[in-house]
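Here the structure is a predicted model, which is why all the values come from computation and not from measurement.
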Amino acid sequence: RTTLKRLWALCEHLNVAIKIIPTLEEILHGKLNISAFRNVQMAELLGRESVELPPFAAEVEAAYQGKRILITGAGGSIGSELARQLLPLGPKELILLDKDENGLNDVCGHLASNGGGPGIHPVVADIRFCERLKAIFKEFRPEVVFHAAAHKHVPLMELNPCEAVLNNVIGTRNLVEVSQSGDVSYFVFISTDKAVKPTSIMGATKRVCELVIQARSKDAHQTRFACVRFGNVMGSRGSVIPFFQQQIARGGPVTLTHPEMKRYMMTIPEAVRLVIQAGVMGSGGEIFILDMGDPVPILDLANDLIELSGLRPGKDIQVEVTQPRPGEKLTEELFDSETETTSSTRFEKISVVRPKALRLEAFNEKLAALEYAANRNDPEGVQRILPELNVCFEADKALTVGQD
């Protein structure tokens with residue numbers, strides 16, 4: 001990455017185009033020919049070094065080959081990449097669900113132009129409506145579910161806590177319950193590092209979703225549940241890199257909310273690869289995390305972006321510090337050392353988080369109260385109840401799960 005960054009900066013200064021040729025492996029396997037040059041992607045220049053994960057193991061490919069796979073949030077950054085990476089594994093059908101028709105249309109068009117067959121089914125639907133989900137499951141009978149649909153923007157969810165609960169929490173619960181009553185073998189929920197000791201509405205709702213998965217997995221006989229946590233994804237909609245690029249294109253200033261703010265960073269393909277592997281590892285609501293290295297200082301990220309644009313930080317483009325937005329942390333964590341423990345798995349670079357056992361009766365009571373407050377458009381009630389859901393644990397009793 002350091003070499004590529006140096007070459008990029010030199011070529012940018014000389015106004016010379018720089019391209020990357022295919023790898024020898026891609027050429028030998030007939031995936032690409034030598035003339036298939038591509039542009040340098042910003043994720044290859046910024047943040048940390050990518051974590052090199054090995055090719056999918058035979059058990060991973062076997063888990064998805066010939067299966068009917070449902071992806072929620074399929075029009076988003078993670079959902080669409082899931083579709084792209086799963087397609088070569090040979091699923092029988094891909095059911096792509098999203099309430100955003102524009103994003104869904106884009107990903108279906110992309111898959112069609114890259115060899116996608118008749119087994120791709122776009123479905124416009126909202127996971128908040130359980131009867132609609134039941135009809136979809138009856139028609140398509142999915143065997144694997146990847147749940148990526150969620151409201152993710154921290155400042156927006158601070159302003160709309162009831163909608164965050166209805167979409168993130170109640171939508172997830174609906175999907176879990178319909179999956180349990182169907183033919184689903186694997187259910188993978190996509191979480192975030194913001195769910196660890198959450199300080200925002202968005203993070204708190206994602207944490208409650210993890211607990212919903214944990215609670216429902218206790219009485220799951222056929223469905224194997226798992227959660228996957230990761231940090232910020234480079235290039236996703238609303239992420240910091242495109243935001244900084246827009247500010248640079250306008251001539252600045254580049255704004256960040258605190259000079260010491262740090263974030264874990266990973267590329268979209270890395271995140272999705274973790275999700276796909278975790279799908280075959282879960283047995284009882286575990287949470288899987290990737291070894292993401294050290295968090296990246298956002299100030300360094302901003303300065304790098306300015307320099308990669310052929311400009312000088314503080315001279316050509318100013319960097320201005322504003323103030324943290326509601327719900328923002330200075331640094332994120334991948335697990336809560338007070339309520340969770342971690343251990344390695346059979347996949348290198350992937351760890352499993354084992355949370356404490358839930359007091360199910362207390363948790364279900366609080367969850368019902370949270371849903372009632374959200375349906376009544378009671379933001380004060382939502383903000384009061386959300387923290388209470390994260391303390392419904394059995395004292396000194398860890399969650400009992402199967403093998404890794």
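Between Ile190 and His147, the closest side-chain pair of non-hydrogen atoms is not below 4.5 Å. You'll find the side chain of Leu96 reaches within 4.5 Å of the side chain of Leu111, heavy atoms only. Taking 4.5 Å as the limit, some side-chain heavy atom of Val176 sits within range of a side-chain heavy atom of Phe225.
Minimum heavy-atom separation, Cys162 to Ala373: SG-O, 4.3 Å. For the pair Pro161 and Ile201, the tightest heavy-atom approach, listed with the atom from each and the gap, is CA-CG2, 3.8 Å. Counting all heavy atoms, side chain and backbone alike, Arg173 lies closest to Val212 at CA-CG1, 4.1 Å. Listed here is the closest heavy atom pair of Thr223 and Val184: OG1-O, 2.8 Å.
A donor-acceptor pair under 3.5 Å is absent between the side-chain atoms of Asp378 and the main chain of Ala374, judged by distance alone. A side-chain donor-acceptor contact under 3.5 Å links Asn168 to the backbone of His151. Judged by distance alone, the side chain of Glu371 and the main-chain N or O of Leu166 form no donor-acceptor pair under 3.5 Å. Judged purely by atom type and a 3.5 angstrom limit, Asn174 uses its side chain to pair as donor or acceptor with the backbone of Ile127. For the pair Ser200 (side chain) and Gly203 (backbone), a donor-acceptor distance under 3.5 Å is present. Remark: side-chain polar atoms of Thr345 are not paired, donor with acceptor, to backbone N or O of Ser351 under 3.5 angstrom.
Under the 3.5 Å distance criterion, with hydrogens and angles disregarded, no donor-acceptor pair is assigned to the side chains of Thr255 and Glu320. No side-chain donor from either of His110 and Ser80 sits under 3.5 Å from a side-chain acceptor of the other. Side-chain atoms of Glu81 and Gln85 include a donor-acceptor pair closer than 3.5 Å.
Salt bridge status for Glu286 with Arg229: absent, with no side-chain N to carboxylate O gap under 4.0 Å. Salt-bridge check for Glu270 with Arg273: failed, with every basic side-chain N at 4.0 Å or more from each acidic carboxylate O. For the pair Glu361 and Lys366, the salt-bridge criterion is not met [side-chain N within less than 4.0 Å of a carboxylate O]. The existence of a salt bridge linking Glu59 and Arg346 is confirmed by a sub-4.0 Å separation between a basic side-chain nitrogen and an acidic carboxylate oxygen.
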Can you list the steps and then say if His258 with Gln323 is a side-chain hydrogen bond (donor to acceptor under 3.5 Å, both in side chains)? CA-CA 6 Å; His258 197 283; Gln323 60 181 355; over 6 Å; no
For salt bridge (Lys or Arg N to Asp or Glu O under 4.0 Å), just list the numbers for Arg128 and Glu163, CA-CA rounded to whole Å, side-chain angles, deciding distance to a tenth of an Å, and then say yes or no. CA-CA 10 Å; Arg128 294 180 303 173; Glu163 177 63 21; 3.1 Å; yes
Applying salt bridge (Lys or Arg N to Asp or Glu O under 4.0 Å) to Arg207 and Glu388, what does each step give before you reach the verdict? CA-CA 12 Å; Arg207 175 56 180 155; Glu388 298 173 0; over 6 Å; no
CA sep, side-chain torsions, deciding dist, call: Leu175, Val145, side chain to side chain contact (heavy atoms under 4.5 Å, CB included): CA-CA 9 Å; Leu175 194 64; Val145 172; 4.0 Å; yes
Ser185 vs Glu143, test: side-chain hydrogen bond (donor to acceptor under 3.5 Å, both in side chains). Steps then yes/no. CA-CA 5 Å; Ser185 300; Glu143 300 166 277; 5.8 Å; no
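Atom NZ of Lys329 has more than 12 neighbouring heavy atoms from other residues, nucleotides or ligands inside a 6.0 Å radius. Heavy atoms of other residues, nucleotides or ligands lying less than 6.0 angstrom from CD of Glu101 number 12 at most.
Residue pairs meeting the ring pair (Phe, Tyr, Trp, His ring centres under 6.0 Å) criterion with at least one partner in residues 65-86, sequence neighbours excluded, do not occur; the list is empty. For residues 60-102, the pairs satisfying ring pair (Phe, Tyr, Trp, His ring centres under 6.0 Å) are Tyr64-Phe146, with sequence neighbours left out.
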